[in-house]
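Notes follow the structure.
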Amino acid sequence: NAGVTQTPKFQVLKTGQSMTLQCAQDMNHNSMYWYRQDPGMGLRLIYYSASEGTTDKGEVPNGYNVSRLNKREFSLRLESAAPSQTSVYFCASSEAPDGTSAYFGPGTRLTVT
Amino acid sequence: AQTVTQSQPEMSVQEAETVTLSCTYDTSENNYYLFWYKQPPSRQMILVIRQEAYKQQNATENRFSVNFQKAAKSFSLKISDSQLGDTAMYFCAFMRDFGNEKLTFGTGTRLTIIP
């Protein structure tokens, strides 16, 4: 039972480079989320997708784009990475309409130099 | 907008003792869910316990229990008989009861269990 998987686990980028973080869940959840975690800030929502084909901005969406490719997969793209995007990124999924108990992936540690 | 506040950045306690982590939140909603998540050094986020706001009875999961005070908007986590494996960051989180809603997290409490 894989749950929520994320790739890659670690990544180092130079300023201006682009990359896509991949996320997949095998629990048939409708809702998926991308969070970033910074020291002293807790987890902040970047984007979320309530269902396949829909995406909405969260608290800190600037500099990011997302794609809900299908029900299983939800990717996060950095078009032009900046040092301020150095963070740990978590993908999560949850069931609807219950909407409770989000399950998290293992995280991606991204460093932008 | 909802906010979640954890006022204890760090705590430590001796193994086998009991520790309580505090959380307060602000919302105008009447129906919602509250959660405690644990994040060990592995960084994996693990659900510890959840509470439905419409339930008066406090949730309990083995050594973990909550004290939910709806009027005071307080949601503390009590860990009994603490174990070394409880060492982790603990996050309090809030979700409105509309389905497909997002979690709002507090800034976390770093808990260290001392052998």
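In what follows, chains are A, B, ... by sequence order, proteins preceding strands, each numbered from 1.
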Verify the neighbour count for atom NZ of B:Lys70: are there more than 12 heavy atoms of other residues, nucleotides or ligands below 6.0 Å?
yes
Where on A:Gln37 is there a heavy atom nearer than 4.5 Å to chain B: the side chain, the backbone, both, or neither?
side chain
Identify whether A:Tyr48 and B:Phe94 are in the same connected component of the hydrophobic contact network (ILVMFWY, side-chain heavy atoms under 4.5 Å).
no
Side chain, backbone, both or neither: which part of A:Val88 has an atom under 4.5 Å from a heavy atom of chain B?
side chain
Does some side-chain heavy atom of B:Leu103 sit less than 4.5 Å from a side-chain heavy atom of A:Tyr35?
yes
Is it the case that atom CG in B:Asn62 sees more than 12 heavy atoms from other parts of the structure closer than 6.0 Å?
no
Above 12 or not: heavy atoms from other molecules or residues under 6.0 Å from CZ of A:Arg77?
yes
Can you confirm whether B:Gln14 is buried at CD, in the sense that more than 12 heavy atoms of other residues, nucleotides or ligands lie under 6.0 Å from that atom?
yes
Counting only heavy atoms closer than 4.5 Å, note whether B:Gln39 contacts chain A via side chain, backbone, both or neither.
side chain
Honestly, the part of A:Leu43 sitting under 4.5 Å from a heavy atom of chain B is both
What's the spacing between B:Leu47 CG and A:Tyr103 OH if we round to 0.5 Å?
7.0 Å
Non-hydrogen atoms of chain B under 4.5 Å away: do they reach the side chain of A:Arg44, the backbone, both or neither?
neither
Quick one: do B:Phe68 and B:Phe35 end up in the same hydrophobic cluster if we chain Ile, Leu, Val, Met, Phe, Trp and Tyr together by side-chain heavy atoms under 4.5 Å apart?
no
